[in-house]
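For reference, the structure discussed in these notes is given below.
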Amino acid sequence: MSQTPGERSIEAGVRVDFSDRMDYAGYLSLDQILSAQHPLSEPAHHDELLFIIQHQTSELWLKLMLHELRAVRDRLDADEPERALKGLARVKQILRTLTEQWSVLATLTPAEYAEFRWVLGSSSGFQSAQYRSIEFILGNKNPGMLRMFEPNPEVYAEVEAALAAPTVYDSFLLMLARRGYRVPQSIIDRDVSQAWVEHPELVPVFTEIYEDVAAHWDVYEVCESLVDVEDAFQLWRFRHMSTVQRTIGFKRGTGGSSGVGFLRKALDLTFFPELVSVRTEISDLGA
Ligand code: HEM
Ligand SMILES: N[C@@H](CC(=O)c1ccccc1NC=O)C(=O)O
């Protein structure tokens, strides 16, 4: 085959006929994915596509995150902390990507957004079933948040199941109890559909682990990975709040909340408070 200067030559083995084979678009259902962007502004506002794709890609990453968090919970239930760590590492990277992705949306100016915001009606992130399920599996349970899904019984059932299921932290603490750590009975018997509240009597369990990490290495690594996930989640929440602030200032949200003020309050929530408190208990050497 002759070589055209400046061009990469295409090797003879490269397939070009897919009439009876799986191809790229078929495997990935690209027909469906790439025809699922439907701007409502009329004529279509240039920036509405950005808004739609930002949300759709976020929902895809949320789908993977939920899948990984469920697997992490299963691994902990199966007493396999090392395998749980692999999933937590992936969750952290997904959160990092989602947080960085705010930079794309931040190129949407307030004036541009105002030109098509009205087409959104009362839709808002409050109605993201996958986001809510992730908050629930991480421990931020709140039955009031189910009400947004009442119009769609199938989705409602899905989020309700996430509310009723144990959290990743529940599974971790049960694993610790099976390993002989003195996890309080009140935690083992807790109603897992309730929001996690700090249990000071759990802190000594973590103090034991953090005071001799070599002796407790695998569970120590899970503790630190959970702290990493919490940290990464908070960074996502912060960038959501700050992107919203630069885009709509202090306007009310389309979902009916006060907007930035409401999003800011989420920054006070903690998934694993005892893993923060244990840090206060660690003695400073030489002090
Ligand atoms: C210009 C872009 C955005 C603005 C102005 C915005 C604004 C808001 C506001 C004001 C709320 C509170 C609910 C309400 O009253 O509407 C909210 C909630 C939410 N938004 Fe956004 N948002 C934006 C982009 C996004 C994106 C890209 C995502 C990605 C999935 C997202 C996910 C969520 C979620 C999950 C909630 C519920 C948060 C919670 O319960 O703490 N938002 N958003
Ligand atoms: N709550 C936003 C609207 C919004 O961001 C939104 C609208 C429809 C679908 C997803 C959205 N994203 C997050 O809330 C606002 O008040 O402008």
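Indexing begins at 1, ligand by ligand and atom by atom, following the structure's order. Remember, it's a predicted structure, so these values are computed and weren't measured experimentally.
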Within less than 4.0 angstrom of ligand 2, does F126 place any heavy atom?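 Judged by the 4.0 Å heavy-atom criterion, F126 does not count as contacting ligand 2.
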
Residue-ligand contact R132/ligand 1, heavy atom below 4.0 Å: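 Flag set, R132 near ligand 1.
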
Report yes if the side chains of Q101 and T57 come closer than 4.5 Å at any heavy-atom pair, otherwise no.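 Touching, per the 4.5 Å side-chain cut-off.
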
Check this for me - ligand 2, [X], N or O atoms closer than 3.5 angstrom, yes or no?
X: H240; answer: no
X: T254; answer: yes
X: H55; answer: yes
X: L120; answer: no

Check whether W61 and L30 end up in the same hydrophobic cluster, where Ile, Leu, Val, Met, Phe, Trp and Tyr are linked by side-chain heavy atoms less than 4.5 Å apart.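 Not linked; separate clusters.
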
Check each heavy atom of [X] against ligand 1 and say whether those closer than 4.0 Å belong to the side chain, the backbone, both or neither.
X: S257; result: both
X: T243; result: neither
X: E135; result: neither

As an exercise, state the distance from CZ of R252 to CZ of F262, rounded to the nearest 0.5 Å.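 Result: 11.0 Å between the selected atoms.
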
Under 3.5 Å between some N or O of ligand 1 and some N or O of [X]?
X: G255; value: yes
X: H240; value: yes
X: G256; value: yes

Identify the closest protein heavy atom to atom 3 (C) of ligand 1: which residue and atom is it, and at what distance?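 In this structure, atom 3 (C) of ligand 1 has V244 CG2, 4.2 Å as its nearest protein heavy atom.
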
For atom 38 (C) of ligand 1, which protein heavy atom lies nearest, and how many Å away is it?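 It is Y131 CE2, 4.0 Å.
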
Can you confirm if the aromatic rings of Y169 and W196 lie within a centre distance of less than 6.0 Å?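 Yes - the distance between ring centres of W196 and Y169 falls below the 6.0 Å cut-off.
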
Check each heavy atom of W118 against ligand 2 and say whether those closer than 4.0 Å belong to the side chain, the backbone, both or neither.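 W118 to ligand 2: no contact under 4.0 Å from either part.
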
Carefully, step by step, assess F116 and Y113 under the rule ring-ring contact (aromatic ring centres under 6.0 Å, His included). CA-CA 6 Å; F116 67 87; Y113 184 46; 5.6 Å; yes

Candidate with minimal heavy-atom separation from atom 32 (C) of ligand 1, of W236, F250, F262: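 Nearest heavy atom to atom 32 (C) of ligand 1 lies in W236.
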
Checking ring-ring contact (aromatic ring centres under 6.0 Å, His included) for the pair H216/Y181: CA distance, chi angles, key distance, verdict? CA-CA 11 Å; H216 306 272; Y181 291 96; 5.6 Å; yes

